[in-house]
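Below: one structure, written as structure tokens.
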Amino acid sequence: MTSALSIQGLRKAFGRLEVLRGIDLEVAEHEVIALIGASGSGKSTLLRCINLIEPVDEGRIVVEGTEITAKGVNVDRVRRSIGIVFQSFNLFPQMRVLDNVTLAPRKVLGRRRAEAEAAAMALLERFGLEDKAHDYPDRLSGGQQQRVAIVRALAMQPDLLLLDEVTSALDPELVAEVLNVIRELAAGGMTMLIATHEMGFARDIANRVCFLDQGVILEQGPPDVIFRAPAQSRTRQFLERIIEAGRL
Amino acid sequence: MSGLQGRGDGRPARRPRGGDASAFRSTLIALASTVVFFGALAWIVVSSPGWPAIQRSFLNGKVFAASLPSIVGSFAVNVQLFLIAEVLILGLGMVIAVLRSLPGPVFFPVRLVTTIYVDVFRALPGVLVIYILGFGIPGLGIAGVPIEPFFYAVVALTLIYSAYVSEVYRAGIESIHPSQDAAARSLGLSRFQSLRYVILPQAVRRVVPPLLNDFIGLQKDTVLVSYIGVVEIFRQSYIKQAGSFNYTPYLATALVFLVMTIPLARLTDWLIAREVRRRQGGAALALAGTQGRGVASAPTRGAR
């Protein structure tokens with residue numbers, strides 16, 4: 001069985017700071033993986049490396065049987081099939097919501113405008129955003145902006161969706177609407193890697209939880225095991241701090 | 001209690017009236033000080049020993065009336081010049097800015113050449129560039145090379161101002177947060193597509209005011225091409241001055257530039273103020289978006 005994503009010995013340093021120090025990870029089709037760990041443990045960098053936004057120093061990343069870290073790979077082609085959603089939304093402020101969503105399908109996949117807009121409207125409707133289609137992003141709430149960012153990534157029909165702390169920049173009352181979107185995607189079978197501080201959410205949605213510590217996956221397993229009976233003392237310490245902060 | 005009520009009643013009514021009065025007083029003071037200042041200045045000038053002579057040679061109504069039509073007429077050459085140059089500058093400046101922003105070692109020669117270009121043309125006095133191009137290139141006598149001074153005027157102004165304008169564009173490009181490029185590239189857009197559809201539209205919008213500022217400079221600098229024999233407004237006023245032994249034609253020229261340039265300067269200031277307001281509004285919005293980060297997981301707590 002080919003896995004949706006296979007990472008072997010991934011290393012990444014910024015100058016002398018080693019952020020990823022040998023990551024190995026296999027992700028099956030339709031699997032939802034939660035990446036947890038302290039800030040600076042390498043969650044975001046791992047996601048950015050999988051999308052090749054950050055060039056990889058060492059190691060292999062294989063997506064749907066194709067090694068994307070091989071020499072001569074067309075990175076633009078790789079990125080079409082891997083969606084990423086950022087903490088800070090990063091919508092294009094000069095474009096209306098609909099244009100944000102259709103830009104890549106039109107310019108990258110060569111879809112006709114009418115076709116791309118019909119597909120985008122269907123997606124926006126699915127997530128309750130159809131009445132925002134002709135607004136500019138700065139007219140939207142944070143939760144709406146983040147949902148649009150998710151729709152924008154989905155419009156490219158990615159095989160794999162990477163979510164980088166997508167609720168961390170939101171007001172508390174806006175978090176649920178974004179998490180509900182992700183729940184729906186998980187129910188629909190989307191393969192996802194989710195870096196998150198929402199432990200309750202991670203426990204609910206993930207098939208597997210990976211605890212990152214100092215650039216390595218220290219421990220991974222089903223949420224019940226990781227959250228109830230972690231094997232590593234560092235995982236325990238991390239979760240204790242989370243509980244102490246009232247976030248689990 | 002009754003005292004408190006009284007204050008509560010009186011305040012809202014009294015305050016605006018007090019505001020009106022103090023605004024009126026401020027206006028009066030401003031008016032008075034302006035009249036005193038300019039009155040004193042005018043008195044110093046008019047009572048100076050050379051004033052009668054200056055009045056005769058710079059403020060001759062007859063010469064003014066006689067020279068104005070031909071001066072305004074030849075201003076059409078300046079207008080033509082800067083309209084053509086502005087279009088070329090907007091294009092060339094953009095190309096230079098984009099080339100200079102190309103990353104990576106492969107593009108080092110491109111960055112080197114464009115950097116040298118920008119440095120050289122910002123370092124040279126404009127009139128020297130106009131001289132060298134306007135007299136030098138036709139002087140080579142190469143067959144097929146144009147000899148019209150107007151052509152070299154356009155080329156020289158385009159080369160000079162593209163250097164400045166490319167720096168304005170570049171500042172605009174660099175002011176766009178890298179996360180915008182990351183978002184575009186993550187969707188599969190190429191480097192060029194990201195620049196074309198995401199980065200440049202935002203960058204250009206931000207630099208419209210400084211671009212207009214450069215164009216005010218360009219409009220004034222069109223008079224420099226009179227040195228290579230283009231008969232434009234400054235040359236025309238020189239001709240009129242030489243014909244009448246009177247400097248009033250220069251005053252007419254000055255007036256033409258004031259009428260042309262001040263509205264553009266006001267527009268530029270207005271656009272800058274609007275941009276500042278918009279960015280402050282945007283910053284406030286972004287700040288609001290990040291509030292409450294620490295308790296962001298509250299709604300899922302119940303899901304345990």
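What you are looking at is a predicted structure, and each value in this text was computed from that prediction instead of being measured. Residue numbers start from 1 in every chain, and the chains themselves are labelled A, B, ... in the order their sequence lines are given, proteins ahead of strands.
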Portion of B:R205 that has a non-hydrogen atom of chain A nearer than 4.5 angstrom
side chain
Please name the pair of heavy atoms, one in [X] and one in [Y], separated by the smallest distance, quoted to 0.1 Å.
{"X": "B:V198", "Y": "A:Q94", "answer": "O-NE2, 3.3 Å"}
{"X": "B:R185", "Y": "A:V75", "answer": "NH2-CG2, 4.3 Å"}
{"X": "A:D76", "Y": "B:L189", "answer": "OD1-O, 3.6 Å"}

Chain B contact via A:F86 - side chain, backbone, both or neither, heavy atoms under 4.5 Å:
side chain
Contact between A:P93 and B:Q180 at the side-chain level, heavy atoms closer than 4.5 Å - yes or no?
yes
Interatomic distance, A:F92 atom CZ to B:S194 atom OG [nearest 0.5 angstrom]:
7.0 Å
In terms of heavy-atom pairs under 4.5 Å with chain B, which of A:R77, A:M156, A:K107 leads?
A:K107
Per-residue tally against chain B (heavy atom, under 4.5 Å) across A:I84, A:L109, A:T196, A:L103 peaks at A:L103
Is it the case that over 12 heavy atoms from other parts of the model lie below 6.0 angstrom from the CZ atom of B:F192?
no
Looking at A:Q157, I want to see if its CD is surrounded by more than 12 non-hydrogen atoms of other residues, nucleotides or ligands under 6.0 Å.
no
With distance as the sole test, does B:Q193 use its side chain to make a donor-acceptor pair with the main-chain N or O of A:A104 at under 3.5 Å?
no
Sort out for me which residue in A:I53, A:V85, A:L52, A:L162 forms a side-chain contact (heavy atoms from CB on, under 4.5 Å) with B:S186.
A:I53
